[in-house]
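Notes for the one structure printed next.
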Amino acid sequence: MTLLVDIDFSAESLLVARQLIGVTLLIDGVGGRIVETEAYDQADPASHTYAGKTPRNASMFGPPAHAYVYRSYGMHWCMNFVCREAGHGAGVLIRALEPTHGLERMRERRGVEKLELLCAGPGRLAQALGITRSLDGLPLDAPPFELLPGPAEPVELLVGPRIGITKAAHELWRFGLKGSKFLSRGFN
DNA sequence: TCGCCGATGTTCT
DNA sequence: GAACATCGGCGAT
């Protein structure tokens, strides 16, 4: 059992996105503390699931606490954690984390030395952790995944509009860890 | 430091 | 044929 986090993934994505900040995500022992997330839901025009189930987004309509991995702009991978009950098409995009485990492995994969650039952005994070379509649909409570709880005391959150979308661009569904140097971009 | 732009493949109209 | 939940390099400030 590697899902050691007290998070109810059957809750709505907005709630899960907030609770994931501060949680440690490892894949084959490589990763770090999640510092930035975004929430998506089927009722949300910016979501891949807005128009219904397709082969690409099928895992978003599957059971919660599973991974949804898709190709972005033809050359990057991005990962979501599926939320709510099966069939709801909701999830949380993992946008950035603070590297803590397997730093040299991440540097090899990224071809970058600077710690602040290893996992700052969904595409970079996926490259650093070796995330590809092979993880799409896999459960988060079994290897290669490992989720470890963050600090006991609540963390201070930043809130802002999601990045890189054109629809529902005003919704404040992006969350970050206040004071982190590892965000993909600043909050205003 | 900021902003523009091309790369590149899948999905959907 | 267009859009796209991105990134890195380039040139201008």
Side-chain angles (χ1 to χ4, degrees), chain A residues 9 12-21 25 27 31-32 34-62 64 66-84 88-99 106-138 140 157-177 180-188:
Chain A
F9 282 90
E12 63 175 295
S13 55
L14 275 172
L15 186 56
V16 175
R18 301 175 75 102
Q19 292 184 331
L20 281 171
I21 300 296
L25 161 66
I27 297 181
I34 296 171
V35 298
E36 183 180 338
T37 60
E38 284 178 0
Y40 289 86
D41 190 271
Q42 190 175 3
D44 162 22
S47 175
H48 287 174
T49 57
Y50 184 63
K53 186 176 176 179
T54 67
R56 174 178 67 158
N57 66 26
S59 53
M60 280 267 271
F61 286 96
H66 283 57
Y68 164 53
V69 179
Y70 69 95
R71 203 186 264 289
S72 174
Y73 289 91
M75 62 190 80
H76 302 108
W77 297 102
C78 296
M79 182 172 66
N80 288 244
F81 290 169
V82 178
C83 320
R84 302 200 62 180
H88 276 269
V92 173
L93 174 66
I94 311 301
R95 284 197 56 92
L97 56 79
E98 173 180 345
M106 288 193 256
R107 288 190 167 108
E108 289 169 18
R109 287 166 170 161
R110 291 272 298 119
V112 168
E113 286 298 312
K114 199 167 168 53
L115 197 61
E116 288 84 352
L117 290 178
L118 288 182
C119 300
R124 291 164 170 169
L125 182 159
Q127 186 180 34
L129 272 59
I131 294 168
T132 69
R133 173 139 296 172
S134 67
L135 298 181
D136 184 43
L138 295 187
L140 302 179
L157 291 187
L158 302 166
V159 181
R162 294 173 295 179
I163 292 176
I165 56 170
T166 55
K167 297 163 192 151
H170 61 285
E171 301 287 2
L172 304 180
W173 292 347
R174 176 184 176 225
F175 304 96
L177 178 64
S180 175
K181 298 180 298 184
F182 302 93
L183 300 172
S184 68
R185 289 169 48 170
F187 285 74
N188 289 334

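Sequence lines set the chain letters: A, B, ... in the order given, protein chains first and strands last, and positions in each chain run from 1.
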Using a cut-off of 4.0 Å on non-hydrogen atoms, how would the nucleic acid contact of R162(A) be classed: base, sugar-phosphate, or nothing?
-> nothing

Nucleotides bounding contact with chain A, strand DNA chain B, heavy-atom threshold 4.0 Å | dA7(B) to dC12(B)

Note: contacts of residues 121-134 of chain A with DNA chain C (heavy atom, under 4.0 Å) are G121(A), P122(A), G123(A), R124(A)

Check every strand shown and say whether R185(A) touches a base, only sugar-phosphate, or nothing at a heavy-atom separation below 4.0 Å.
-> nothing

Mind pulling the stems DNA chain B is in, i.e. runs of at least three Watson-Crick or G-U pairs, everything under 3.5 Å?
-> B:1-7 with C:6-12, B:9-12 with C:1-4

Side chain to side chain donor-acceptor pair (under 3.5 Å) partners for T49(A), two or more places apart | S47(A)

Are H48(A) and Y40(A) close enough that their ring centres sit under 6.0 Å apart?
-> no

If you look only at pairs with a residue in residues 159-177 of chain A, which of them pass as a salt bridge (charged side-chain N to carboxylate O under 4.0 Å, His left out), with sequence neighbours excluded?
-> E36(A)-R174(A), D44(A)-R162(A)

Numerically ordered, the residues 72-83 of chain A set in heavy-atom contact under 4.0 Å with DNA chain B is Y73(A), G74(A), M75(A)

If you walk 5' to 3' along DNA chain C, what is the first nucleotide with an atom under 4.0 Å of a heavy atom in chain A, and what is the last?
-> dC4(C) to dG8(C)

Starting at CD of Q42(A), measure out to OG of S13(A) and round the result to the nearest 0.5 Å.
-> 11.5 Å

When all nucleic acid strands are considered with a 4.0 Å heavy-atom cut-off, which category describes S184(A): base, sugar-phosphate, or nothing?
-> nothing

For F61(A), check ring-ring contact (aromatic ring centres under 6.0 Å, His included) against everything at least two apart and list the hits.
-> none

Which residues share a side chain to side chain donor-acceptor pair (under 3.5 Å) with E98(A), sequence neighbours left out | R33(A)

Under the side chain to side chain donor-acceptor pair (under 3.5 Å) test, residues paired with D41(A) that sit two or more places apart | none

Separation of L125(A) CG from L25(A) CG (nearest 0.5 Å) = 7.0 Å

Contact check, side chains of L140(A) and F81(A), non-hydrogen atoms, under 4.5 Å = yes

Does H76(A) have any side chain to side chain donor-acceptor pair (under 3.5 Å) partners at least two apart in sequence or in another chain, and if so, which?
-> none

Correct closest heavy-atom pair for C78(A) and L93(A) would be CB-CD1, 4.0 Å

Mind jotting down which residue pairs meet the side chain to side chain donor-acceptor pair (under 3.5 Å) criterion with at least one end in residues 121-135 of chain A? Sequence neighbours excluded, please.
-> R110(A)-Q127(A), T132(A)-S134(A)

Please indicate whether F187(A) has more than 12 foreign heavy atoms, meaning atoms of other residues, nucleotides or ligands, lying under 6.0 Å from its CZ.
-> yes

Given the rule in the salt bridge (Lys or Arg N to Asp or Glu O under 4.0 Å) test, do E12(A) and R84(A) qualify, once you have shown the distances and angles that lead to the verdict?
-> CA-CA 6 Å; E12(A) 63 175 295; R84(A) 302 200 62 180; over 6 Å; no

Assign L93(A) to base, sugar-phosphate, or nothing according to its heavy-atom contacts below 4.0 angstrom with the strands shown.
-> base

Over 12 non-hydrogen atoms of neighbours within 6.0 angstrom of CZ in R109(A) | yes

